[in-house]
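The next block holds one structure in the form of C-alpha cells; read it before the comments.
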Amino acid sequence: MTQYPYRFEKIYLSTRKNGNCMERKTRQFHAIFEVIAHAGRPLLAQEILEIAARAVPQLSLATVYRQIKSLLEDSSIRQVQLPGQNPRYEIGSHEHDPGHHHYFQCRRCEKVFDVPTCPGNLDQLAPSGFMVEDHEIILYGRCGACVGQTTE
C-alpha cells in the first residue's frame, strides 16, 4: 500500500463524528479512505477504484460504493454533486467544515478541483429587491496539466 505523510488512523479519527473507531476496518476500507483523504480534489467512484486497486488489486466497484456509503454515514467524507454528473467524494463533511466550497472543472480531462476562495457577498448580482441566501460557483476551463495541450 502506498505510504502517505499522515497515518490512516490519525486522519480517520479526526474526521469521525464521535471519535469512536472501534469497528474493524479492512484493507479495502483503508485503501479507499487513504485515496480520498490524499487526493487533494473530489474523486469519482471509478477514480477511487482505479487508484485504490493499486494497493488492493481485487477491489471491486461494489466494494468502493459500500465503503463510500459507510464513510458518508459517519461524515468522514462529503459528496460533491455537480449538475448532470455522477457524484464525487472528498474528505471532510459539511458538519466539520460548515463553510461551502466552490469548484473548477477541467473541460479537457473532466477532473474537478476545489477553488480555495469565495467571492463573498453576491447580493449585488441579485435582481433588485431579491435576497441571496446561498450560492454555488463552478468554474470551467482547463487545469494546469491540460492548459498547454491542443484541442483534438
Mind checking side-chain contact (heavy atoms from CB on, under 4.5 Å) for Asp134 and listing every partner two or more places apart, or none if nothing turns up? none
NE2 of His38 to CZ of Phe33, rounded to nearest 0.5 Å, is 7.5 Å
Under the 4.5 Å side-chain heavy-atom rule for ILVMFWY, direct or indirect, which residues accompany Leu44? none
What closest approach, in Å, do Pro83 and Ile138 show between heavy atoms, and which atom pair accounts for it? CD-CD1, 3.4 Å
Show your working on side chain to side chain contact (heavy atoms under 4.5 Å, CB included) between Ile32 and Val56 and close with a plain yes or no. CA-CA 9 Å; Ile32 291 164; Val56 185; over 6 Å; no
Of all the heavy-atom pairs spanning Cys109 and Cys143, show the shortest one and how long it is. SG-SG, 3.8 Å
What are the two closest non-hydrogen atoms of Ile91 and Ile36, and how far apart are they? N-CG2, 3.7 Å
Hydrophobic cluster partners of Val132 (side-chain heavy atoms under 4.5 Å): none
Within a strict 4.5 Å, meaning less than it, do heavy atoms of the Gln81 and Glu136 side chains meet? no
How long is the span from the SG atom in Cys146 to the CZ atom in Arg107, to the nearest 0.5 Å? 13.0 Å
Sequence neighbours excluded, which residues qualify as side-chain contact (heavy atoms from CB on, under 4.5 Å) partners of Glu133? Met131
Qualifying residues under side chain to side chain donor-acceptor pair (under 3.5 Å), relative to Gln46, sequence neighbours excluded: Glu50
Quick test of your reading: applying ring pair (Phe, Tyr, Trp, His ring centres under 6.0 Å), list the pairs with at least one residue in residues 103-124, sequence neighbours left out, ordered by first then second residue. none
Those residues at least two apart in sequence (or on a different chain) that pass side chain to side chain donor-acceptor pair (under 3.5 Å) with Arg66 are Thr63
Going by side-chain contact (heavy atoms from CB on, under 4.5 Å), name the residues that satisfy it together with Leu72, two or more places apart in sequence or in a different chain. Ile68, Ile77, Gln79, Tyr89
Shortest non-hydrogen contact from Ala52 toward Leu59: CB-CD2, 3.5 Å
Could you work out, with side-chain contact (heavy atoms from CB on, under 4.5 Å) as the rule, every residue matching Gln85, not counting sequence neighbours? Leu82, Arg88, Gln105
Could you walk me through whether Val115 and Leu139 pass side chain to side chain contact (heavy atoms under 4.5 Å, CB included), step by step? CA-CA 9 Å; Val115 173; Leu139 304 172; 4.0 Å; yes
Test of understanding: with salt bridge (charged side-chain N to carboxylate O under 4.0 Å, His left out), list the residues that count as partners of Arg41, not counting sequence neighbours. Glu47
Do any pairs count as a ring pair (Phe, Tyr, Trp, His ring centres under 6.0 Å) and have a residue in residues 116-136, sequence neighbours left out, and if so which ones? His100-His135, His102-His135
Is there a path of hydrophobic side-chain contacts, each under 4.5 Å between heavy atoms, that joins Ile48 and Ile51? yes
Can any side-chain N or O of Arg108 pair as donor or acceptor with the backbone N or O of Ala145 at less than 3.5 Å? no
Please check if Tyr140 and Val80 belong to a single hydrophobic cluster, counting links between Ile, Leu, Val, Met, Phe, Trp and Tyr side chain heavy atoms closer than 4.5 Å. yes
